[in-house]
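Data block below; observations after.
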Amino acid sequence: MKRIGMATFCLIIVMCGQSFAEATDERQLPEGYVSDRCTAFPDGNYGDCCVAHDKDYFFGGTRAERKASDKRLKQCVLSKGGGWKRRLLANTMYLGVRLGGIGVGKGPFSWGFGKRYKKPN
């Protein structure tokens, strides 16, 4: 009887773990918002990485969340392949967003810019 209980317990843990791993981002960008994709970088096969990063920057959050978002961008770009050139690009992009996204200029690329977002006409 204990084996059946333990097997059931293990199955539940595995299924719950998969559910959490498949969680999606529930935040919704406002109607009319369009990402500029990879600001100041060519839009290669990694444009989806930039769009996800733009969404993070739109909503903002803590310093730790910003750093995690920037690291996700770098890892996503690296995951698209391309050897040393892609590594150079990913590292350059990471440095660019770390320096350029601090929000000093309050531009449409700064962390949490969604708080100042004006809907286009």
Side-chain angles (χ1 to χ4, degrees):
M1 200 63 170
K2 281 190 174 186
R3 277 193 184 189
I4 293 173
M6 184 56 90
T8 303
F9 176 75
C10 289
L11 182 60
I12 290 171
I13 295 298
V14 168
M15 291 176 72
C16 286
Q18 288 176 345
S19 295
F20 290 123
E22 295 171 4
T24 59
D25 186 353
E26 301 279 333
R27 300 173 302 173
Q28 294 295 312
L29 291 166
E31 187 177 327
Y33 172 79
V34 178
S35 167
D36 67 355
R37 296 180 53 95
C38 300
T39 311
F41 285 93
D43 290 332
N45 68 336
Y46 48 85
D48 58 316
C49 304
C50 299
V51 172
H53 187 254
D54 284 355
K55 186 174 184 179
D56 288 345
Y57 264 61
F58 184 91
F59 290 103
T62 67
R63 289 182 187 178
E65 289 170 328
R66 176 175 169 248
K67 189 170 187 177
S69 175
D70 294 346
K71 285 183 178 181
R72 278 192 304 276
L73 172 66
K74 179 181 175 180
Q75 290 306 313
C76 185
V77 171
L78 287 171
S79 75
K80 304 297 182 173
W84 70 269
K85 291 179 183 178
R86 186 54 56 93
R87 285 192 303 276
L88 179 62
L89 176 69
N91 286 320
T92 303
M93 290 175 84
Y94 179 76
L95 182 60
V97 296
R98 292 305 298 157
L99 295 174
I102 56 176
V104 173
K106 303 292 185 200
F109 50 80
S110 57
W111 185 246
F113 74 88
K115 296 174 185 138
R116 300 177 304 280
Y117 176 74
K118 291 182 177 66
K119 187 176 176 181
N121 295 331

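Keep in mind that the numbers below use all heavy atoms, side chains included, and drop hydrogens, waters and symmetry copies.
Nearest heavy atoms, Trp111 versus Gly60: CZ2-C, 3.2 Å. Closest heavy-atom contact between Arg27 and Lys55: O-NZ, 2.7 Å. Between Arg37 and Asp48, the closest heavy-atom pair is NH2-N, 4.4 Å.
To the nearest 0.5 Å, atom CZ of residue Arg72 and atom OG of residue Ser79 are 13.0 Å apart. A distance of 14.0 Å separates OG in Ser69 from NZ in Lys74, rounded to the nearest 0.5 Å. Put simply, CG on Asn91 and CZ on Arg86 are 12.5 Å apart, with the number rounded to the nearest 0.5 Å. Residue Asp70 holds its CG atom at 4.5 Å from CZ of Arg98, rounded to the nearest 0.5 Å. The CG atom of Asp56 sits 9.5 Å away from the CG atom of Leu73 when rounded to the nearest 0.5 Å.
Using a 4.5 Å heavy-atom threshold, the side chains of Met93 and Val97 count as separate. A 4.5 Å side-chain heavy-atom check between Phe41 and Thr92 finds at least one atom pair inside the cut-off. Side-chain contact check for Tyr46 versus Leu78: every heavy-atom pair is 4.5 Å or farther apart. By the 4.5 Å heavy-atom criterion applied to side chains, Val77 and Tyr94 are not counted as neighbours.
Cluster partners of Leu88 are Trp84, counting Ile, Leu, Val, Met, Phe, Trp and Tyr whose side-chain heavy atoms approach within less than 4.5 Å, directly or via other members.
Ring to ring, Tyr57 and Phe113 are not that close: their centroids are 6.0 angstrom or more apart.
Sulfur-to-sulfur, Cys38 and Cys50 sit under 2.5 Å apart at their SG atoms.
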